[in-house]
Every structure is written in C-alpha cells, then in structure tokens.
Amino acid sequence: MAKIIITGGTGLVGKRLSKLLIDKKHEVVILSRTPKHKNEFKWDVSSNYIDEKALLNTDYIIHLAGAGIADKRWTKERKQVIIDSRVKTANLLFDKTAALNIPLKGFISASGVGYYGAITSNLIFTETDKVGADFLGDVCQKWENAAHQFSTKKIPVTILRTGIVLADKGGALEKMKTPIVSPLGSGKQFLPWIHLDDLCGIYIKAVEDNLSGIFNAVAPEHHTSKSFSKALAKSIRKPYLGIGVPGILLKLIFGEMAIILLEGSKISAKKIEKNGYSLRFKTLKKALYNL
C-alpha cells in the first residue's frame, strides 16, 4: 500500500484513478484549491502554498493538474494560463517536497501527444522523436521539463504522453456525440486515443511496478477523424455524414485552437506494451462498446 498525492484529482482522469487506487488499498490524497472531503488538502499556487500535512509520508505524486487545452480560445493570456497551470504547479510540488525532504519513490506526470506537434503525417511518432515546433509542443516540453526536476533529487520520473481519453461521461467523446456524426476538416488527420481505464491502468502500473521513463499513453489502433467518426456513429446508433465540418468554419469558431481538431498524427504504443502493460482496449470498437 502506498500513499499517493494526486493533483487534478477532481477531473475526468483523477476521479477514476482515485477510485481504482483506493480499490487497490492505496491511500489517496487530493490537492485542491477548495478541499471538501477528508482526503482533500488545500494548495494554492498563487500564494505558493501547500498544506504540509498532505505531503508527510507521501510515496508518489501523480501530477494531472492543468487548465484544459480546448476549454477556451487561445488568447495570449489563455496560453500563459495553460503553461503556468502545469509548470508552476510542478515547481511548487518540487520546492515543497525538497524543503520537507520527502523521500518520494516516484513523480508521475501527465503530458500530451501534442508534444510531437499538431501536424498530420504518415510518420508513427515514438518517444524518441523530437518536440514539435508549435504551441502544443512548447507546452508539453515545458510541462515535462518541470517534471524532470525531480530526477535531480534521484526521484524516478514517469511521463505519460496521452491521447484523447475516451470515457462514458465527460471529456472529448461526449462533445463528439452529436445528433449527426461527421469528421472534422479533411477527415484525414489522425486521432490518437486511449480508454480511460487503460490510462488509469498505466498510472497504477507506474506506482506498483516502479515504471519510470517517457511513454505514449495511446491505444495501438490508428484512426483518422473519418474512421473514428464512422465507428462512433455506429456505436451510438446515430447517422454518419461523410462531409467534414469545414476547417474554415472551425477556425472562425475556435481561432488558433482549431489546429488541435484539424491536425493529428499516428502515435506508437509499442514502448508501453514492451514494458509490460497489456492494453485492455486495443481496438476502437471494443473501447466504444464498453462505454
């Protein structure tokens, strides 16, 4: 049994992960700006504060906190919020655990497949590929660099570059369940994805099997916006319209942020599989029919 702090514990992944860890008899502590339950403790990045009681005897920190990439248009101010909500929170965790000399067994951080950039190509990106030269690449690189600070204290660091998380409620999938399902833009861009329970399973493996390093947290089956939309329409018994939502319309609505809807590449799942995690939901059909 380990004591695990989760940041972003009230989000889509955090809620499910907390439940699964507690079911496995681990002690879970949630850092929250507005703690409500007995296992929740206050933290506030703006005032550089974490309730020190939360940190005592902690074995692992799972860092999921971060403002939603697709929640608002990317103004200059919003871009800074997206970066700061990931980087400054990691910096605060590092400073406080170092000051209290907490002997962590691991620091496990979320990241995104956006690390490789918002581009569409036939290249299958692996963990050794270079960072993308755009905003998403910059966000992920700064996010990961903040996590890597912990390795300077001889603390193992695990980073999960995550695709679209498929869940029965909330997240991107819920927004895709429209009365008529259509691809976006050309429909040729790829949508790297992972079932929520597989993502949580990888986090749990990082804790229980001391899995460290950088891993793509995606399913091995590649889908374009077009093939994904077809599979989704079939699974929810809605009509599929093969004419894509025009990219120019998405750019008018979402501005620069539309790039995350209109571009995407294949991401390799081989490294996580070679390191002993067997994905339960390897095909999109199985994942969608489970939700």
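Since we're looking at a predicted model, the values are computed, not measured.
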Enquirer: Main chain of Leu184, side chain of Gln189: is a donor-acceptor contact present, judged purely on distance under 3.5 Å?
Expert: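 Judged by distance alone, yes, a pair lies under 3.5 Å.
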Enquirer: So, Asp129 side chain and Thr126 main chain: donor-acceptor pair closer than 3.5 Å or not?
Expert: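 It does hold such a pair.
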Enquirer: Mind checking what makes side chain to side chain contact (heavy atoms under 4.5 Å, CB included) contact with Lys270, not counting sequence neighbours?
Expert: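 Lys270 satisfies side chain to side chain contact (heavy atoms under 4.5 Å, CB included) with Ser268 once adjacent residues are dropped.
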Enquirer: Less than 4.5 Å apart, side chain to side chain, heavy atoms only: is that true for Arg78 and Val81?
Expert: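 A side-chain contact under 4.5 Å exists here.
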Enquirer: Please check if Ile204 and Ile62 belong to a single hydrophobic cluster, counting links between Ile, Leu, Val, Met, Phe, Trp and Tyr side chain heavy atoms closer than 4.5 Å.
Expert: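 They do share one cluster, since a chain of ILVMFWY contacts under 4.5 Å joins Ile204 to Ile62.
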Enquirer: Check step by step if side-chain contact (heavy atoms from CB on, under 4.5 Å) holds for Phe135 and Ile82.
Expert: CA-CA 10 Å; Phe135 173 62; Ile82 288 169; 4.2 Å; yes
Enquirer: Mind checking what makes side chain to side chain contact (heavy atoms under 4.5 Å, CB included) contact with Asn275, not counting sequence neighbours?
Expert: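 For Asn275, the residues satisfying side chain to side chain contact (heavy atoms under 4.5 Å, CB included) (neighbours in sequence not counted) are Leu211, Phe215, Lys271.
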Enquirer: Can you list the residues that meet the side chain to side chain contact (heavy atoms under 4.5 Å, CB included) rule with Ala110, with sequence neighbours excluded?
Expert: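 In terms of side chain to side chain contact (heavy atoms under 4.5 Å, CB included), with neighbours along the sequence ignored, Ala110 is linked to Leu64, Trp143, Tyr203.
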Enquirer: Between Glu127 and Asn216 (side chain of the first, backbone of the second, donor and acceptor by atom type, cut-off under 3.5 Å), is there such a pair?
Expert: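 Indeed, once roles are kept as given, a pair shorter than 3.5 Å links the two residues.
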Enquirer: Are Tyr115 and Ile267 connected in the hydrophobic side-chain network, where two residues link if heavy atoms are under 4.5 Å apart?
Expert: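 As far as the 4.5 Å side-chain criterion goes, Ile267 and Tyr115 are connected within one cluster.
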Enquirer: Under 4.0 Å between a side-chain nitrogen and a carboxylate oxygen: does that hold for Asp59 and Lys105?
Expert: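 Looking at Lys105 together with Asp59, the answer is yes, because their closest N to O distance falls below 4.0 Å.
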Enquirer: Which other residues end up in the same hydrophobic cluster as Met1, if Ile, Leu, Val, Met, Phe, Trp and Tyr are linked when side-chain heavy atoms come under 4.5 Å apart?
Expert: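 Members other than Met1 - counting any ILVMFWY side chain reachable under 4.5 Å - there are none.
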Enquirer: Is Tyr49 close to Lys96 at the side-chain level, that is, under 4.5 Å between some pair of heavy atoms?
Expert: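 A side-chain contact is absent here, since even the closest heavy-atom pair is not under 4.5 Å.
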Enquirer: Cut-off 3.5 Å, side chains only: do Tyr277 and Asp198 have a donor facing an acceptor?
Expert: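 Side chains of Tyr277 and Asp198: pair found under 3.5 Å.
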Enquirer: Is any side-chain heavy atom of Asp197 less than 4.5 Å from a side-chain heavy atom of Arg16?
Expert: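 Counting from C-beta outward, Asp197 and Arg16 do come under 4.5 Å.
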Enquirer: Listed by chain and number, what are the ring-ring contact (aromatic ring centres under 6.0 Å, His included) partners of Phe41, not counting sequence neighbours?
Expert: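 Once residues adjacent in sequence are excluded, Phe41 has no partner under the ring-ring contact (aromatic ring centres under 6.0 Å, His included) criterion.
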Enquirer: Under a 4.0 Å threshold between the charged nitrogen and the carboxylate oxygen, would Asp44 count as salt-bridged to Arg33?
Expert: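 No.
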Enquirer: In terms of heavy-atom contacts, does NZ of Lys88 have more than 12 from other residues, nucleotides or ligands at under 6.0 Å?
Expert: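 Not buried by this count: 12 neighbours or fewer within 6.0 Å.
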Enquirer: With Arg86, which residues qualify under side-chain hydrogen bond (donor to acceptor under 3.5 Å, both in side chains), at least two apart?
Expert: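 Once residues adjacent in sequence are excluded, Arg86 has no partner under the side-chain hydrogen bond (donor to acceptor under 3.5 Å, both in side chains) criterion.
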Enquirer: Could you pull out every donor-acceptor pair under 3.5 Å between side chains of residues 280-291 and any protein atom, sequence neighbours left out?
Expert:
from	atom 1	to	atom 2	distance (Å)
Thr283	OG1	Lys286	N	3.2
Lys286	NZ	Arg280	O	3.0
Asn290	OD1	His195	NE2	2.8

Enquirer: Mark yes or no for whether Thr97, through its side chain, and Leu93, through its backbone, hold a donor-acceptor pair below 3.5 Å.
Expert: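 Side chain of Thr97 to backbone of Leu93: a pair is present.
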Enquirer: With hydrophobic residues grouped by side-chain heavy-atom distances under 4.5 Å, do Ile61 and Val207 end up in a single group?
Expert: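 They do not share one cluster, since no chain of ILVMFWY contacts under 4.5 Å joins Ile61 to Val207.
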Enquirer: Begin from the C-alpha positions of Ile30 and His37 and carry the test side-chain contact (heavy atoms from CB on, under 4.5 Å) through to its verdict.
Expert: CA-CA 9 Å; Ile30 306 293; His37 304 288; over 6 Å; no
Enquirer: Which pairs pass salt bridge (Lys or Arg N to Asp or Glu O under 4.0 Å) with one or both residues in residues 177-192, sequence neighbours excluded?
Expert: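 Sorted pair list comes back empty.
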Enquirer: Applying ring-ring contact (aromatic ring centres under 6.0 Å, His included) as the test, list every pair that has at least one member in residues 77-96; sequence neighbours left out.
Expert: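 Checked against ring-ring contact (aromatic ring centres under 6.0 Å, His included) - neighbours excluded - the pairs reaching residues 77-96 are Phe94-Phe150.
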Enquirer: Are Glu273 and Ser278 side-chain neighbours, meaning at least one heavy-atom pair lies under 4.5 Å?
Expert: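 They are not in contact (no side-chain heavy atoms under 4.5 Å apart), so the answer is no.
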Enquirer: For Asn210, enumerate each residue passing the side chain to side chain contact (heavy atoms under 4.5 Å, CB included) test, keeping only those at least two apart in sequence or located in another chain.
Expert: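 Asn210 satisfies side chain to side chain contact (heavy atoms under 4.5 Å, CB included) with Tyr60 only.
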Enquirer: Counting only heavy atoms not in Asn122 (residues, nucleotides, ligands), do more than 12 fall under 6.0 Å from its CG?
Expert: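 Count not over threshold, so no.
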Enquirer: Quick check: do Ile260 and Ile69 have side-chain heavy atoms less than 4.5 Å from each other?
Expert: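 Yes, at least one pair of side-chain atoms sits under 4.5 Å.
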Enquirer: Say whether Ile159 and Ile272 are linked into one hydrophobic cluster, either directly or through other cluster members, by side-chain heavy-atom distances under 4.5 angstrom.
Expert: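 Result: no, two separate clusters.
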Enquirer: Return a table of donor-acceptor pairs under 3.5 angstrom between the side chains of residues 233-258 and protein atoms on other chains or two or more places apart.
Expert:
from	atom 1	to	atom 2	distance (Å)
Ser235	OG	Leu232	O	2.9
Glu256	OE1	Lys79	NZ	2.9
Glu256	OE2	Lys79	NZ	3.1

Enquirer: Test of understanding: clusters of I, L, V, M, F, W, Y form through side-chain heavy atoms closer than 4.5 Å, transitively. Do Leu100 and Ile4 belong to the same one?
Expert: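 Different clusters.
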Enquirer: Just by modelled atom types, is the Ala146 backbone N or O under 3.5 Å from a matching donor or acceptor in the Gln149 side chain?
Expert: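 Yes, because the side chain of Gln149 sits within donor-acceptor range (under 3.5 Å) of the backbone of Ala146.
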Enquirer: Would you please say whether a donor-acceptor pair under 3.5 Å links the side chains of Tyr116 and Asp134?
Expert: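 No, because no side-chain N or O of Tyr116 sits under 3.5 Å from a partner of the opposite role on Asp134.
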Enquirer: Looking only at side chains, do Glu40 and Ser32 share a donor and an acceptor under 3.5 Å apart?
Expert: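 Short answer, no.
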Enquirer: Side chains of Ile194 and Ile164, heavy atoms from C-beta outward: is any pair under 4.5 Å?
Expert: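 When only atoms from C-beta onward are counted, Ile164 and Ile194 do not touch, as no gap falls below 4.5 Å.
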Enquirer: One pair to check against side-chain contact (heavy atoms from CB on, under 4.5 Å): Val28 and Ile6. What are the steps and the verdict?
Expert: CA-CA 7 Å; Val28 173; Ile6 299 180; 3.9 Å; yes
Enquirer: Side chain of Thr162, backbone of Leu160: donor and acceptor closer than 3.5 Å?
Expert: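 It does hold such a pair.
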Enquirer: Does Glu52, at its CD atom, have more than 12 non-hydrogen atoms belonging to other residues, nucleotides or ligands within less than 6.0 Å?
Expert: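 Count not over threshold, so no.
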Enquirer: Let me see the working for Phe107 and His63 under side-chain contact (heavy atoms from CB on, under 4.5 Å), right down to the final yes or no.
Expert: CA-CA 8 Å; Phe107 184 82; His63 184 40; 3.6 Å; yes
Enquirer: Who pairs with Thr34 by side-chain hydrogen bond (donor to acceptor under 3.5 Å, both in side chains), at least two apart in sequence or on another chain?
Expert: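 side-chain hydrogen bond (donor to acceptor under 3.5 Å, both in side chains) list for Thr34, sorted by chain: empty.
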